[in-house]
There are 2 protein chains.
Amino acid sequence: MVISGRQGRKPRADVQRNRATLLETAQRHFLRHGVGTSLEAVAKEAGVGPGTLYRHFPTREALLAAVLQTRSEELVARQADIEQLGDPAEALEQWLRAMEEYFSAYSGLPEPLMAAARAQEPDSPLTIPCDILITATDQYVRAAQHAGHVRASVQGYDLFLAACSLAWIKGNGTDEESLGRLRALIASGYSERDAQA
Amino acid sequence: MVISGRQGRKPRADVQRNRATLLETAQRHFLRHGVGTSLEAVAKEAGVGPGTLYRHFPTREALLAAVLQTRSEELVARQADIEQLGDPAEALEQWLRAMEEYFSAYSGLPEPLMAAARAQEPDSPLTIPCDILITATDQYVRAAQHAGHVRASVQGYDLFLAACSLAWIKGNGTDEESLGRLRALIASGYSERDAQA
DNA sequence: ATTAAAACGGATGCTGCCTCCGTATGTCTT
DNA sequence: AAGACATACGGAGGCAGCATCCGTTTTAAT
């Protein structure tokens with residue numbers, strides 16, 4: 001019996017090449033046509049057959065998760081920026097904006113995110129990334145609560161849902177004005193009323 | 001040339017019968033399988049061909065609008081209840097809940113509602129119903145503002161969006177607890193801070 | 001009963017999903 | 001360098017749903 005970590009053979013070169021091309025093409029199509037875009041079209045434009053696409057990414061969600069993975073560096077970068085500023089309330093707000101923008105990148109993204117977030121069993125490739133985001137949100141929330149800026153009843157998960165919703169609304173074409181008002185409304189909703197810096 | 005209002009002929013009996021059967025069947029399918037259910041299946045179960053369905057309701061949205069129409073009596077009834085209570089803040093809150101429940105009736109309903117709400121040109125059969133709801137919301141908002149219970153910056157449209165979002169979240173399977181917290185957060189967001197009854 | 005308008009319904013063409021397997025490609029061995 | 005073997009490729013094909021079109025049937029009027 002062989003230890004599973006040991007590989008008897010170098011992986012083939014075309015595998016990684018195809019995977020990279022597929023990811024790149026998928027990202028473009030998701031950007032242009034939303035998350036529901038035709039996977040056949042992606043495969044065709046990537047110059048591979050449908051079978052190859054499905055072997056690399058068995059489901060649409062798997063492909064989506066892989067594309068998001070490559071894009072997650074943005075979020076990490078913004079986290080670094082956010083940690084710079086000392087104000088926990090400001091940090092929370094910026095983090096929520098960062099998530100919202102991340103979620104708005106492709107139209108139709110919030111739906112699968114929500115579906116993955118509620119799942120306990122990681123039955124979706126998006127579940128783990130979602131949990132990471134929720135945990136991160138919860139940390140920002142706790143910090144702001146500790147500083148007396150955010151109501152005690154608020155949970156990170158709640159604000160994750162809120163960010164998802166805002167992204168969903170934005171993706172459905174609502175004007176930036178109404179969106180801004182709603183965002184402010186939510187912010188005012190989670191803020192502690194007599195908060196003073 | 002005949003005045004368009006005058007009908008030369010009694011409408012055929014099967015027309016109305018089919019229409020009624022289709023609406024009834026569609027409602028059941030929307031309830032069970034969501035708004036995205038197969039229209040072919042609806043037609044088959046209603047005992048008509050696909051052509052008949054599409055003649056009566058040229059698009060999925062048209063069918064949806066017609067189904068919602070029959071269900072709108074609920075909302076009207078709740079409006080009557082709401083007008084009973086004198087408190088405008090309470091009235092607004094109950095109205096928002098009523099809309100949220102109405103929107104949650106079929107999974108996948110919030111999406112087309114949002115799409116119809118933002119459209120200026122009534123290019124969708126849902127646009128007019130949506131506008132009615134938004135206007136009604138605005139009236140509840142104004143009354144509550146006048147009584148000093150709601151912040152001046154809030155608009156009816158904003159809370160319509162909020163109700164849509166809550167319904168969307170609920171439809172995606174979020175537990176009732178988180179949903180309740182989010183609802184409270186929103187309520188606290190639009191309320192005037194120093195409001196006293 | 002006849003006629004003509006109006007509605008029916010299903011065959012049809014299309015797109016997209018996903019799988020399966022014969023074939024091609026790349027890697028290791030000698 | 002060449003053969004052998006594993007691995008990946010790709011596209012044909014089956015399936016489901018959408019939306020349309022037109023020959024046929026049903027219905028109301030005469």
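Letters A, B, ... are given to chains in the order of the sequence lines, protein chains preceding strands, and every chain is numbered from 1.
- At the phosphate of dC8(C), OP1 or OP2 sits under 4.0 Å from a side-chain N or O atom of N18(B).
- With respect to the salt-bridge test (charged N to carboxylate O, under 4.0 angstrom), the residues R183(B) and E176(B) qualify.
- Pairing each heavy atom of A46(B) with each of T21(B), the nearest pair is O-CG2, 3.8 Å.
- The interatomic distance linking K10(B) (NZ) with dT30(D) (P) rounds to 12 Å, in whole Å.
- Mapping A13(B) and T37(B) onto DNA chain D via the closest heavy atom, the residue that lands nearer the 5' end is T37(B).
- Side-chain contact check for S124(A) and E61(A): at least one donor-acceptor pair (N or O, by modelled atom type) lies under 3.5 Å.
- Of the two residues contacting DNA chain D, namely V48(A) and E40(B), the nearest-nucleotide position lying further toward the 5' end is that of V48(A).
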Derivation of the side-chain contact (heavy atoms from CB on, under 4.5 Å) call for L23(A) and R19(A)
CA-CA 6 Å; L23(A) 278 176; R19(A) 185 188 157 88; 4.3 Å; yes
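- Here dA12(D) presents its P atom at 11 Å from NZ of K44(A), a figure rounded to the nearest Å.
- For Q16(B) and dA28(D), the CD to C1' distance is 15 Å, given to the nearest whole Å.
- Residue S38(A) places no side-chain N or O under 4.0 Å from the OP1 or OP2 atom of dT15(C).
- The distance between atom CG of D14(A) and atom P of dA6(D), rounded to the nearest whole Å, is 17 Å.
- With rounding to whole Å, R9(A) atom CZ is found 11 Å from dC5(D) atom P.
- DNA chain C is contacted by P50(B), G51(B), T52(B), R55(B), H56(B) of residues 50-63 of chain B, taking any non-hydrogen atom closer than 4.0 Å.
- The side-chain tip of R71(A) points at the ring of Y106(A) from less than 6.0 angstrom away and within 45° of straight on.
- Taking atom NE2 on H29(B) and atom P on dC18(D), their separation rounds to 12 Å, with Å as the unit.
- Taken to the nearest 0.5 Å, the OG atom of S38(A) stands 8.5 Å off from the NE2 atom of H29(A).
- Between the CG atom of L39(A) and the C1' atom of dG11(D) there is a distance of 16 Å, rounded to whole Å.
- Between the side chain of R12(A) and the base of dT25(C), a donor-acceptor pair under 3.5 Å is found.
- In the hydrophobic clustering of this structure, L31(A) groups with V35(A); members are Ile, Leu, Val, Met, Phe, Trp, Tyr whose side-chain heavy atoms approach within less than 4.5 Å, directly or through other members.
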